[in-house]
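Lettering follows sequence order; numbering is per chain, from 1. Heavy-atom basis, side chains included; hydrogens, waters and symmetry copies ignored. What you see is a predicted model, and the numbers here were worked out from it, not measured in a lab.
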Amino acid sequence: MLLAGGTMLVMAIVAGYTLGWANKVFHVAVDPRIEAINAALPGANCGGCGCVGCMSYAEAVAGGKIAPDKCTVGGSSCAQAIAKIMGVDLKPSWPYRPVVHCRAHYAERLGRADYRGEKTCTGANLVGGVQGCTYGCLGFGDCVAACNYDAIHVVDGLATVDYDKCIGCGACEKACPRHIISMTPFKSQRIIAVGCSNQDMGKDVKAVCKIGCVGCMACSKASPIFKMTEGKIPRINYDEYDPENMDATLLAVKKCPVKNLIYVGKPSPEHVEAVKDQEKPKIVQVDFKTTVDQAEWRG
Amino acid sequence: MPNPVQVAIPLLQHTGAPCEPLVKVKDEVTLGQKIGEGKGFITAPVHASVAGAVGMPSVTTLPNGRHVKTIPIKTGPNQLSADELKASLLGGDWPVSGLDAQSPEQIAQTAREAGLVGLGGAAFPTHVKLTRNEKRPVDTLLLNGCECEPYLTSDYRLMIEFPRPIVTGALLAARATGATQLVIAVEDNKPAAVESLRRAAEGTGVEVRVMETRYPMGGERQVIPAALDREVPTGGLPLDVGVVVMNVGTSAALAAAVLRGKTLTHRVVSVTGAGIAQPKNVLAPIGSSYKDLIDFCGGLKPDAARVIAGGPMMGFALNDLNITVTKGTSGITVLTHDDLKAVEETACVRCGRCVDVCPLNLVPTRLALASRYQDWDMARRYHLMACCECGCCAYVCPAAIPLVQLMRMGKAQLPKE
C-alpha cells in the first residue's frame, strides 16, 4: 500500500517536472494576434477573402500578407476590430457586392437550341448557341449552386442577386463561366450599373436580345464616368462614381435608348416610401434549429 | 466550287496564338497573300483565299460558339476558276525523287509561311511537328488516312483522286523530320484509296498499311498502336515513341507549299448526310460560310433536322448557317429527323459499356461524375485530360448521360496543378 502510493507519488513528481521542462524547451511562439483576429472574424469560412478559411486569413493578416479589410462577411465593424488588433489605421472602404451584367429574362432574349445536355452554365457555355446571346446569363444557376447564403436566384432565366442576404463573398463571380458577374463597390444603397455584357455590333445584338446594349455611346457622351471599352460596351468607372453628385449620370441613364443603365442594390428609403401601399410578399424565415432532438420518433 | 461573294478569314484557326492583321481596310489582296501573322512558335499565319478588297474587320462565330476576329475580303473580278484552282493545288505531275534540294529547315520554314496546320480537325501548326528536335529523334512518319468519323469522306476522295501529292508531301515531311520509315495507314473500308495510293507510292519506299475499320481509328493515339505496334504513353506525345503523325490532306498541302509555293487557302470539305440534296466533297476557300457550301450542294432537304460542323461523333450541332469554314473544317453533316432520337437522361445503371468502348481505356462514368461534382482529385486520378472526346461512351450509354459534354466541362474547369 505504502509502496504503491510512494511509487505513484514519485512518478507524478518526475512526470510533472518533465512536462514542465518540455513545455519551456519546446515552446512554439504563436502570435497572439492570430487568435485575436480569428476571434474577431465571423467564422463563416466562405473563402471570399481569397484564403482557405478564417484561420488562414487571420494568419495572413498577422503576417502582413493581406489587408485587414478583406472579410466581406464581417463588413466594416470586423475590419475595424482587426485593424485595432493589428494597430493600423483603416481607410474606409466600400462594401463590394456582385452585379449581374445582364438583365434579359426568357421573354427578352432569343433562345435557340433545344438543349438536352448537362444542365449547368459551364456545360451549356461549351456548346455554342443554347441561346442567341453568347455573352448573357444562361440561367442554369452555377452561381446559385456556388452561393452559401441563398443570396442569388435564377428568376425567369436570369440570375438575380438578393442584396438583403448577400454578404459579398464573391463565390458567384468565380462560378460564372461567362464572367458577367462583377464585384462592384456599393457607394450607396443603390448604384447605377450597366445591365448588359454583349460586345457585338448593335445589329447583331438586336438580333438576339430585345434589350441589349447597342453601343450607341450616348452614356459616354453624357457623363465621363462611362468609358466605352474595345468591345463597344460601356463600363462605369466606380472610382469617379459619386452618389452625391449624380446629375450627369442620371442624364446618361435618361439618354440610354435601351434603358440598360439600371439601379442595382437595396432600394432607398424614398423608393420604399413610394411603394408602401403595395402588399409585401410574405417572407418565410428559415429556422436553422434542428427539430430532431425534440422528436419522439427515433427511427 | 465557285468563289463566294465574300469570304471572312478568321484570325484564329489553329491551336496556338491568334494572328494580328497585316492588311488595312480597302487594301487589294491577291490569292494566297499573307494577311495575318501570329507571335510565338506555336501559331500559323492566315492567307487570303480569294483575290479582292479587304473590308472592315469584324467578328464571326466558330462552330463551338466562340467569337473570333476576322478579315472579310470582297471577291474581285479576276479569279481562278474552280478547275484551274484544283489543277494548280493538287493536279498535274508530282516528283518523287530529287527532293533533296530542300533542306529540312527550309521545309519546316515553308510549312510555317504557308500557314499549314493539321487538316484532320485539331489544326495543330504543322511546322512545329516538322521542326527537328535533337533530344527526341523521329524514325517513323505516319500518314493518317483513317477517316473514321461516319459520313465524312473528304480524305477518302483526296486519296483516290490525288494520291501523288500525298506521297510527295510524305517524302518532304520525312526529309524534314529525319524519319526513315514511311507508312500510310488506311482503313480496310477504303479499298479504292489503298489501291490508288499503292500505285502512286510504287518505288518510293512509302508503305501503305491497311487497318481494321473501327471508330476512332483516326485518332493518333489509336492509329499508332494499330499501324506500328507502339503504345503512346498517357500524357505523352507520339514524339515520345519516335513517330510524327500527319493527315493525308496536310501532306498534300505540304507538297503544294514546298514545290509550288501555294499557301493554305483551300481545303476539301465533305458536305454530307441524308438531309442534304446533293452530298459532295467540295474544295472550298477558307473563310466561306457554311451556307455557301450547302447552297452549292443543292441546299437542305425539307426533312433536315440538324446541321453539324464536323462528323456526327465529335462535331458541334449548329443553330446558324452563317459559320465560317476554317482550316480545321473537315465536313458538314446534315441529319434528318429519322437519324435523331431524343432520350431523356436517366441515372447511371453501372453497366460499364462506356468502359468497354473507351479507346483510351479510361473509365468515363467515373470521370463524368467527377466532372459533374467537381471532384478534381478524382478527375486527375482517373486521367481526365487523356480523354480525346471521341464520343464512343456517350454513343453507347443506355442512360443517355451527356458523357462527352461532362468531360469537356471538366477539362475546361480542371484547375492547374
Side-chain angles (χ1 to χ4, degrees), chain A residues 47 50 52 109-136 138 140-148 171 174-180 197-209 212 214-215 229-233, chain B residues 56-70 72 290 305-310 314-324 337 340-346 367-369 371-374 389 391 394 397 399-415:
Chain A
V52 179
R109 64 178 177 228
L110 172 69
R112 264 183 163 163
D114 170 17
Y115 179 65
R116 296 197 203 98
E118 178 69 7
K119 298 268 186 291
T120 63
C121 303
T122 320
N125 194 32
L126 291 175
V127 189
V130 172
Q131 65 187 31
C133 178
T134 52
Y135 301 90
L138 284 157
F140 290 106
D142 281 15
C143 48
V144 180
C147 183
N148 282 332
K174 291 176 198 125
C176 180
R178 291 194 156 178
H179 308 293
I180 57 166
S197 302
N198 197 317
Q199 303 186 8
D200 289 347
M201 304 296 271
K203 195 170 81 133
D204 300 335
V205 178
K206 278 281 171 210
V208 296
C209 184
V214 291
T229 62
E230 206 182 317
K232 301 179 182 56
I233 187 111
Chain B
M56 271 290 279
S58 67
V59 173
T60 190
T61 320
L62 295 186
N64 57 8
R66 203 161 293 154
H67 288 227
V68 292
K69 280 191 195 153
T70 59
Y290 281 27
R306 182 179 289 176
V307 181
I308 298 171
M314 290 185 71
F316 287 89
L318 301 176
N319 53 48
D320 187 357
L321 292 183
N322 198 12
I323 303 266
T324 310
H337 287 291
L340 300 170
K341 55 174 183 181
V343 187
E344 282 298 310
E345 184 187 338
T346 53
L367 284 172
L369 275 185
S371 175
R372 181 173 275 171
Y373 299 113
Q374 312 200 340
E389 304 172 15
C397 182
I401 299 171
L403 289 159
V404 177
Q405 195 191 5
L406 285 165
M407 307 284 180
R408 280 185 188 153
M409 223 173 100
K411 283 162 93 169
Q413 284 180 291
L414 192 70

Should we say atom CZ of R408(B) is surrounded by more than 12 heavy atoms from elsewhere, each under 6.0 Å from it?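 Enclosed: over 12 neighbouring heavy atoms sit under 6.0 Å from CZ of R408(B).
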
Exceeds 12 heavy-atom contacts within 6.0 angstrom, atom NZ of K411(B):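 Yes - once you tally the heavy atoms of other residues, nucleotides and ligands closer than 6.0 Å, there are more than 12.
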
Which pair of heavy atoms, one from Q413(B) and one from T122(A), lies closest together, and at what distance?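 Between these two residues, the closest heavy atoms are CD-CG2, 3.4 Å.
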
Write down the atom of G117(A), the atom of P402(B), and the distance for their closest heavy-atom approach.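 Between these two residues, the closest heavy atoms are C-CG, 4.2 Å.
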
So what's closer than 4.5 Å to chain B heavy atoms on D200(A): side chain, backbone, both or neither?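 Answer is side chain: those atoms of D200(A) sit under 4.5 Å from chain B.
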
Working to the nearest 0.5 Å, report the span between CG of L406(B) and OG1 of T120(A).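 Separation between the atoms: 7.5 Å.
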
Can a donor-acceptor pair be found, under 3.5 Å and without considering hydrogens, that links the side chain of Q405(B) to the backbone of E118(A)?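 Between the backbone of E118(A) and the side chain of Q405(B) there is a qualifying donor-acceptor contact (under 3.5 Å).
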
